[in-house]
Amino acid sequence: MTRRAPWRAPAWFARPAPRILFLRRLADCGIQIREVRVPFRRYRGGFAFAIRLDVADLPVQTITIVFSLACPESPHVYTDGPSDSPHRYSDGALCMWYPADPGERRWNRSDGAPALLGHIVAHLLREEWWRRTGEWPGCEVIHA
């Protein structure tokens, strides 16, 4: 006898309205956005978009944000900018918070799209500081 997986509600981005609203909130920040194909097979069926980030003290870079079906509430963030950092996952995604961190130290979808953008910019600024000084400003969990 084979067991079926338990029913799960569809991901928040499965319907167009929440996706459009999320992207609209980012556009309200003055960011150019474009939906892109999900970059990795493991995120197939997910939702991905790219933004062009031009922030003082950072190189201009394209940020790709991916929401997966397996974990729709937690974004995977990639950049085409400098990649040397002590806080990146093996696939190159930014490690912006420890998964077990309390809610106030990580992004939650209820915080909104602009808050996610703030987490991304803060992380990239920390990486730049680390590249220039060798110090990581702020909280961190040492990676193995």
Seminar exercise, completed: Per side chain to side chain contact (heavy atoms under 4.5 Å, CB included), Ile63 is matched among Ile120, Leu94, Val121 by Ile120
Exercise. Hey, what do you get for OG (Ser83) to CZ (Arg88), rounding to the nearest 0.5 Å?
Worked result: 6.0 Å
For this session: Give the minimum heavy-atom separation between Glu127 and Pro82, together with the two atoms involved.
Result: OE1-O, 4.4 Å
Problem set entry | For the student: nearest non-hydrogen atoms of Val36 and Ala50, plus distance | CG1-CB, 3.9 Å
Exercise. To the nearest 0.5 Å, how far apart are OG in Ser85 and CZ in Arg131?
Worked result: 6.5 Å
Exercise. Looking at side-chain heavy atoms only, is the closest gap between Ile51 and Leu117 below 4.5 Å?
Worked result: yes
Problem set entry | Close side-chain approach of Pro75 to Val66, heavy-atom, < 4.5 Å | no
Problem set entry | Considering all heavy atoms, the nearest Glu128-Asp57 contact | CG-O, 3.6 Å
Exercise. Are Leu21 and Leu116 grouped together when hydrophobic residues (ILVMFWY) are joined by side-chain heavy atoms under 4.5 angstrom apart?
Worked result: no
Exercise. For the residue pair Tyr89 and Tyr78, is the inter-centroid distance of their aromatic rings smaller than 6.0 Å?
Worked result: no
Problem set entry | Hydrophobic cluster identity match, Leu124 and Leu26, side-chain contacts under 4.5 Å | yes
Exercise. When you look at CH2 of Trp130, are more than 12 heavy atoms from neighbouring residues, nucleotides or ligands closer to it than 6.0 Å?
Worked result: yes
Exercise. Once the angle between the rings of Phe67 and Phe13 is folded into 0 to 90°, is it parallel (under 30°), tilted (30 to 60°) or perpendicular (over 60°)?
Worked result: tilted
Exercise. Does a side-chain heavy-atom distance below 4.5 Å link Val77 with Met96?
Worked result: yes
Seminar exercise, completed: To the nearest 0.5 Å, atom CD of Gln32 lies from atom CG of Asp54 at 10.0 Å
For this session: Evaluate the ring planes of Trp136 and His87, with Trp represented by its six-membered ring, and classify them as parallel (under 30°), tilted (30 to 60°) or perpendicular (over 60°).
Result: tilted
Exercise. Between Arg126 (side chain) and Pro137 (backbone), is there a donor-acceptor pair under 3.5 Å?
Worked result: yes
Problem set entry | Over all atoms of both residues, closest heavy-atom pair of Leu69 and Gly45 | CG-O, 3.5 Å
For this session: Would you indicate whether Glu140, at its atom CD, is surrounded by more than 12 heavy atoms from other residues, nucleotides or ligands within a distance under 6.0 Å?
Result: yes
Exercise. For the residue pair Ile33 and Ala27, what are the closest heavy atoms and their distance?
Worked result: CD1-N, 3.4 Å
Problem set entry | From CA spacing to verdict: ring-ring contact (aromatic ring centres under 6.0 Å, His included), His119, Trp97 | CA-CA 9 Å; His119 278 283; Trp97 49 78; 5.3 Å; yes
Problem set entry | Least distance between heavy atoms, Phe47 atom then Glu35 atom | CE1-OE1, 3.6 Å
Exercise. Are Trp107 and Trp12 connected in the hydrophobic side-chain network, where two residues link if heavy atoms are under 4.5 Å apart?
Worked result: yes
Problem set entry | Distance in Å, Ser68 OG paired with Arg42 CZ, rounded so as to fall on 0.5 Å steps | 9.5 Å
Exercise. Would you call the rings of Phe40 and Tyr43 parallel, tilted or perpendicular if under 30° counts as parallel and over 60° as perpendicular?
Worked result: perpendicular
Seminar exercise, completed: Value for OG (Ser110) from CD (Glu73), rounded to nearest 0.5 Å, stands at 8.5 Å
Exercise. Any donor-acceptor pair under 3.5 Å linking the side chain of Asp80 with the backbone of Gln61?
Worked result: no
Problem set entry | Flag side-chain contact, heavy atom, 4.5 Å: Val60 against Arg52 | yes
Seminar exercise, completed: In this structure, CZ of Arg34 is separated from CG of Leu23 (nearest 0.5 Å) by 12.5 Å
Exercise. Does the cation-pi check pass for Arg19 over Phe22, that is, NZ or CZ under 6.0 Å from the six-membered ring centre and within 45° of its axis?
Worked result: no
